[in-house]
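Written below as structure tokens is the structure these notes are about.
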Amino acid sequence: MPRSLALRRLGFALLVLGLTALQFRLAAAVLAPGGWSAWEWLLLLAFAGTAPWTALCAGNALVGLALRLGTPDPAAAVLPALRHLRPGLPAARTAIAVCIRNEDMAQVLPPLGRLLEGLEAAGAADHFTLWFLSDTEGDGPAATEAAAIEAFGAARAGGIAVRYRRRAANAGYKAGNLMDFLDHHLAGEGFLLCLDADSEMSAAAVLRLVACLEADPRIAILQHLIVGRPARAAFPRLFQFGMRAGMRSWATGQAWWQGPDGPYWGHNALLRIAPFRQHCRLEALADGSPILSHDQVEAVRLHAAGWKVCCLPLEEGSMEGNPPALPEFMARDLRWAAGNMQYWDLLFLPGQSAMGRWQLVQAILLFLAAPLWVGVLLFATLNAATGGAAATPAGALLALMAAVWAMLHAPKLAGYAEVLLRPAHAARYGGRAAFLRGAAAELAFTTLLDPVSILNKAIFLVALPFGRRSRGWAPQNRADHGVAWADAARLLWPHTGFGLAVFGLLAGVAPAALPWVLPFAGGLLLAIPFCVLTASPGLSRWLRERGVAATPEERVAGGAPRQAGGQAAGGIASMAR
């Protein structure tokens, strides 16, 4: 490891340790006065489990913001290959692989058409082939899918070649699909651009990735930063506004200290085929089940083999779709949780680098923090209900809550600060005032979403050891739609019930504590109306008409998100069911 990278990692570790120590000091100032009750000891233990992830969020954000404000080219500061790009067309051939399974091809094809048109306009058509890798179930849906792709290819005759391959069985899910393709269908390609069905990339972004891999022959995966595609529905619109801001600072800060041992998120990334085929063939787990969250495992295998996995912290030209409503968001979270918890079975396998093991731990912490936060809320409620919080100093408690909130949300707060401090960036969002309206709406949205999401993951993880570890990936719903009140109630009654229990207990025996738990549990009481409202056409239309939380791409397109066919959307198609 280069000495400079070792010093970066040491410095970052000290920063995270310092932020963790700060949390403990603030917690002690809250809990120690008046002596320690049993509930306070349990609360401290649960809080201690959350502190590393909280500090990691803040550490990445602080480093990322410093780089993005203090260096003329933050991307080149963390990815040296950008400094050595050769002008001109690529030398290598690249296969563009789109993994599909029971998708609406009317949504999948238009972004790919725009990508192919851009590559052809750049004179790079001879260097790319587009492949659809299908795991679609059912002969009828498969026939419809094949016909749509055939028509798409026929309309593009004379341009980049379009190919279609469908497997009879989706063994190994996406990872198995991709490896089967690499084994049996490629000849002469050096690189593979991996896209999901909801991915959208520009030709300039793709050509930049190819140039980076040609500039540095030791890069096996170059992961592009991904932002949300312009969305019509309120839920994804608000969610991805904050995610976009947070990912800029997080990815830049993380790339600075992880260097060539970076993450892989499974799509919108360019792979060097030879090392990926050699080192990323994933075996089943000991119980025979396939590895679900395959992407980070593939990165870890390449780290161990001496290959670079790098992140390009640029957002321009790389997008994905996000879940259209809370039910799909919760289902996606649980799929990811099931996959990340499999990392316990992989953590101590031989032949992994220290950074690779840490990245598996980091992926586990992302979800393991959820039951610990529920424990913090539960133990704090029981402590207050039994009189244990009588001596708690209000000032110290407010300082602790503010510090933890700021650290957890530090990536997006850093992203918001960057935009506000750079007039040119703010102008892409319609100016500072428009950007602040979007940030305020997103923070209110997240305040209600986070308790529901945390409790949902906690319930799942507590039940996971007592049931099947996973059932694989189900086809995903990507369409905008409303959510009926009855459907929301059936899904969210446990969350609402838990919130009612917390507030009911405190209202009866410790009403003074109610304002303190409101920021953490208020979203549970409002879970059902929150679910319905954020999927409703009315709120979606209201946000769009006022430009609240609009992306720069939406503003360039004329103030309205693109529909599947690529035209500006004029409104929401239907009312909530």
Side-chain angles (χ1 to χ4, degrees), residues 101-104 107 196-198 228-229 231-243 292-293 320-341 366-367 370-371 374 441-442 444-464 467-468 470-500 521-543 549 561 564 572-577:
R101 184 182 177 203
N102 295 91
E103 302 288 350
D104 179 1
Q107 295 188 35
D196 274 357
D198 60 354
R229 291 168 65 175
R232 297 179 299 176
F235 186 94
R237 184 185 188 92
L238 293 167
F239 170 78
Q240 64 199 30
F241 190 87
M243 183 190 73
L292 298 177
S293 293
E320 66 175 347
N322 278 297
L326 180 60
E328 288 78 18
F329 176 83
M330 291 167 62
R332 185 183 73 170
D333 254 5
L334 299 191
R335 288 197 306 271
W336 289 353
N340 283 23
M341 289 304 107
L366 174 63
F367 290 95
V374 173
E442 184 278 326
F445 166 85
T446 300
T447 299
L448 297 176
L449 171 65
D450 278 352
V452 179
S453 176
I454 288 170
L455 182 60
N456 195 61
K457 287 181 281 197
I459 293 171
F460 176 79
L461 291 178
V462 169
L464 188 61
R468 296 179 62 185
S470 68
R471 293 182 294 176
W473 293 158
Q476 299 180 52
N477 171 44
R478 307 185 195 275
D480 296 340
H481 64 84
V483 178
W485 285 95
D487 293 336
R490 279 193 294 269
L491 177 67
L492 296 166
W493 69 263
H495 311 73
T496 305
F498 186 78
L500 286 171
L524 298 175
L525 291 179
L526 298 174
I528 294 171
F530 173 81
C531 177
V532 174
L533 180 63
T534 54
S536 71
L539 178 61
S540 303
R541 188 181 305 112
W542 189 89
L543 293 172
I572 299 292
S574 62
M575 296 294 290
R577 292 193 303 274

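Because the structure is a prediction, the values reported are computed rather than measured. All residue numbers refer to positions in the sequence shown, counting from 1.
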Under 3.5 Å: donor-acceptor pair, side chain of Gln107, backbone of Asp198
no
For Asn456 and Met330 the tightest heavy-atom approach is OD1-CE, 3.0 Å
d(Ile528 CD1, Thr496 OG1) to nearest 0.5 Å is 3.5 Å
Smallest separation among heavy atoms of Leu326 and Cys531, with atom names
CD2-CB, 3.7 Å
Under a 3.5 Å distance rule, please check whether Ser453 uses its side chain to pair with a backbone N or O of Leu449 as donor and acceptor.
no
Compare every heavy atom of Gly523 with every heavy atom of Val452, then report the nearest pair and how far apart it is.
CG2-O, 3.5 Å
Using the rule given for side chain to side chain contact (heavy atoms under 4.5 Å, CB included), can you reason through Trp336 versus Leu366, listing the C-alpha separation, both sets of side-chain angles and the distance that settles it, and then say yes or no?
CA-CA 10 Å; Trp336 289 353; Leu366 174 63; over 6 Å; no
Checking side chain to side chain contact (heavy atoms under 4.5 Å, CB included) for the pair Met341/Leu464: CA distance, chi angles, key distance, verdict?
CA-CA 9 Å; Met341 289 304 107; Leu464 188 61; 3.8 Å; yes
With sequence neighbours excluded, give me every salt bridge (Lys or Arg N to Asp or Glu O under 4.0 Å) pair touching residues 489-498.
Asp487-Arg490
Keeping Ser540 on the side-chain end and Ala234 on the backbone end, is there a donor-acceptor pair under 3.5 Å?
yes
What are the two closest heavy atoms between Val483 and Ala535, and how far apart are they?
CG2-CB, 3.7 Å
With rounding to the nearest 0.5 Å, note down the distance linking CZ in Arg229 to CG in Asn322.
10.5 Å
Is there side-chain contact between Leu238 and Leu543, with heavy atoms separated by less than 4.5 Å?
yes
Among all residues two or more places apart in sequence or in another chain, which pass the side chain to side chain contact (heavy atoms under 4.5 Å, CB included) test with Leu533?
Ser536, Leu539
Drop me the distance from Phe235's CZ to Phe329's CZ, to the nearest 0.5 angstrom.
5.0 Å
To the nearest 0.5 Å, how far apart are CG in Leu492 and CZ in Phe498?
14.5 Å
With sequence neighbours excluded, what pairs up with Pro494 under the side chain to side chain contact (heavy atoms under 4.5 Å, CB included) test?
Ile459
Taking all heavy atoms of Arg332 and all of Pro323, pick out the closest pair and write down the distance.
NH1-CD, 3.4 Å
For Phe530, enumerate each residue passing the ring pair (Phe, Tyr, Trp, His ring centres under 6.0 Å) test, keeping only those at least two apart in sequence or located in another chain.
Phe445
Please examine the side chains of Arg335 and Leu292, heavy atoms only from C-beta on, and report whether any two atoms are closer than 4.5 Å.
no
Pairwise distance CD(Gln240) to CD(Glu442) - rounded to 0.5 angstrom:
11.0 Å
Applied to residues 450-461, the salt bridge (Lys or Arg N to Asp or Glu O under 4.0 Å) test, sequence neighbours excluded, yields Asp333-Lys457
Using the test side chain to side chain contact (heavy atoms under 4.5 Å, CB included), find all partners of Pro371 that sit at least two apart in sequence or belong to another chain.
Ala458, Leu461
Testing the basics here: between Gly499 and Leu525, what is the closest heavy-atom pair and its distance to 0.1 Å?
C-CD2, 3.6 Å
